[in-house]
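Written below as structure tokens is the structure these notes are about.
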Amino acid sequence: GAGVSQSPSNKVTEKGKDVELRCDPISGHTALYWYRQSLGQGLEFLIYFQGNSAPDKSGLPSDRFSAERTGGSVSTLTIQRTQQEDSAVYLCASSPGTGANVLTFGAGSRLTVL
Amino acid sequence: GQNIDQPTEMTATEGAIVQINCTYQTSGFNGLFWYQQHAGEAPTFLSYNVLDGLEEKGRFSSFLSRSKGYSYLLLKELQMKDSASYLCAVRDNTNAGKSTFGDGTTLTVKP
């Protein structure tokens, strides 16, 4: 696609429920990132996919968080048994994987855990 | 890993010049980026430096000194629409290009 698409744009859930956030990167971009941003804070790295390499999961805050990237394209971030501290905007970005490797961000998914 | 520091907030006057600094410590450096993020929106790319020196792009310039682990973003002829958060990000050369972000500098431009 022309840009990075994320869905849902807003998600309100109850504590303890599971949520799935989807990211559709720019076509042909081999690198895909998930970041989390709490209100007024910077970007917290979560996970990074690059081509067929094993993903860098070093930023996932707990084992309740997981992510997949199917067919080198669409990615899903899953949060199990959500907690109130998971409330944040989850940003996905993709990049070409070569050259300057500039990130293009999606509009984000705002998650609110009640 | 990466350690990136930038001031939390800055205020400047419309029409003036402002410099936002970023210092970093890294185990492997492969480029530094500046992104702009308006409130409630996603970050957008501003500039990229991989070699020492100044990169100029219209009203915005970015400088890099790799030996000092230092960069700055210079904004000239400030406009009200420049009020935003400015994020410094460093790309790692030890992990196929992963970018790590600083916490951002919130710039407020006043009339």
Side-chain angles (χ1 to χ4, degrees), chain A residues 2-7 9-10 21 23-26 29-60 69 72 88-110, chain B residues 1-9 20 22-24 26-51 55 57 60 62 64 83-108:
Chain A
V4 178
S5 297
Q6 291 189 245
S7 61
S9 55
N10 270 289
L21 307 176
C23 173
D24 198 344
I26 292 174
H29 277 192
T30 60
L32 186 148
Y33 301 75
W34 283 98
Y35 293 91
R36 177 168 72 174
Q37 188 172 37
S38 301
L39 188 63
Q41 303 297 311
L43 273 66
E44 176 188 3
F45 167 77
L46 296 178
I47 189 168
Y48 168 56
F49 297 89
Q50 170 56 47
N52 295 321
S53 301
D56 178 356
K57 303 180 181 180
S58 61
L60 294 178
R69 189 178 185 193
V89 175
Y90 289 81
L91 289 165
C92 175
S94 70
S95 66
T98 60
N101 220 18
V102 173
L103 272 63
T104 301
F105 284 84
S109 293
R110 180 176 298 277
Chain B
Q2 316 278 11
N3 186 23
I4 302 169
D5 290 312
Q6 42 182 141
T8 303
E9 295 180 336
I20 303 173
C22 172
T23 59
Y24 64 90
T26 178
S27 55
F29 176 84
N30 194 20
L32 186 142
F33 301 82
W34 285 95
Y35 290 82
Q36 180 190 59
Q37 186 178 27
H38 284 102
E41 299 181 9
T44 56
F45 169 74
L46 283 179
S47 70
Y48 168 67
N49 295 70
V50 66
L51 300 177
E55 293 284 340
K57 190 184 295 185
F60 292 6
S62 57
L64 175 67
S83 292
S85 181
Y86 291 85
L87 306 170
C88 174
V90 174
R91 189 170 71 189
D92 191 331
N93 72 355
T94 62
N95 195 6
K98 184 178 82 174
S99 287
T100 303
F101 285 77
D103 287 340
T105 298
T106 300
L107 174 66
T108 302

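Atom set for the values below is all heavy atoms of this structure, side chains included, hydrogens, waters and symmetry mates excluded.
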*Run the numbers on Ser99(B) and Phe33(B) for side-chain contact (heavy atoms from CB on, under 4.5 Å), then give the verdict.*
CA-CA 9 Å; Ser99(B) 287; Phe33(B) 301 82; 4.1 Å; yes

*Verify side-chain contact (heavy atoms from CB on, under 4.5 Å) between Ser58(A) and Phe45(A), making sure each step is shown before the conclusion.*
CA-CA 8 Å; Ser58(A) 61; Phe45(A) 167 77; 3.6 Å; yes

_Atom pair CD (Glu9(B)) and OG1 (Thr105(B)), whose distance is rounded to the nearest 0.5 Å_ = 9.5 Å

*Tell me, for Glu44(A) versus chain B, whether the close heavy atoms (under 4.5 Å) come from the side chain, the backbone, both or neither.*
neither

*Proximal component of Leu91(A), with respect to chain B [non-hydrogen, under 4.5 Å]*: side chain

*Counting heavy-atom pairs under 4.5 Å to chain A, which of Gly40(B), Ala42(B), Gly102(B) comes out on top?*
Ala42(B)

*About how many Å separate CG of Asp5(B) and SG of Cys22(B), when rounded to the nearest 0.5 Å?*
8.0 Å

*Could you tell me which portion of Leu39(A) (side chain, backbone, both or neither) has an atom closer than 4.5 angstrom to a non-hydrogen atom of chain B?*
neither

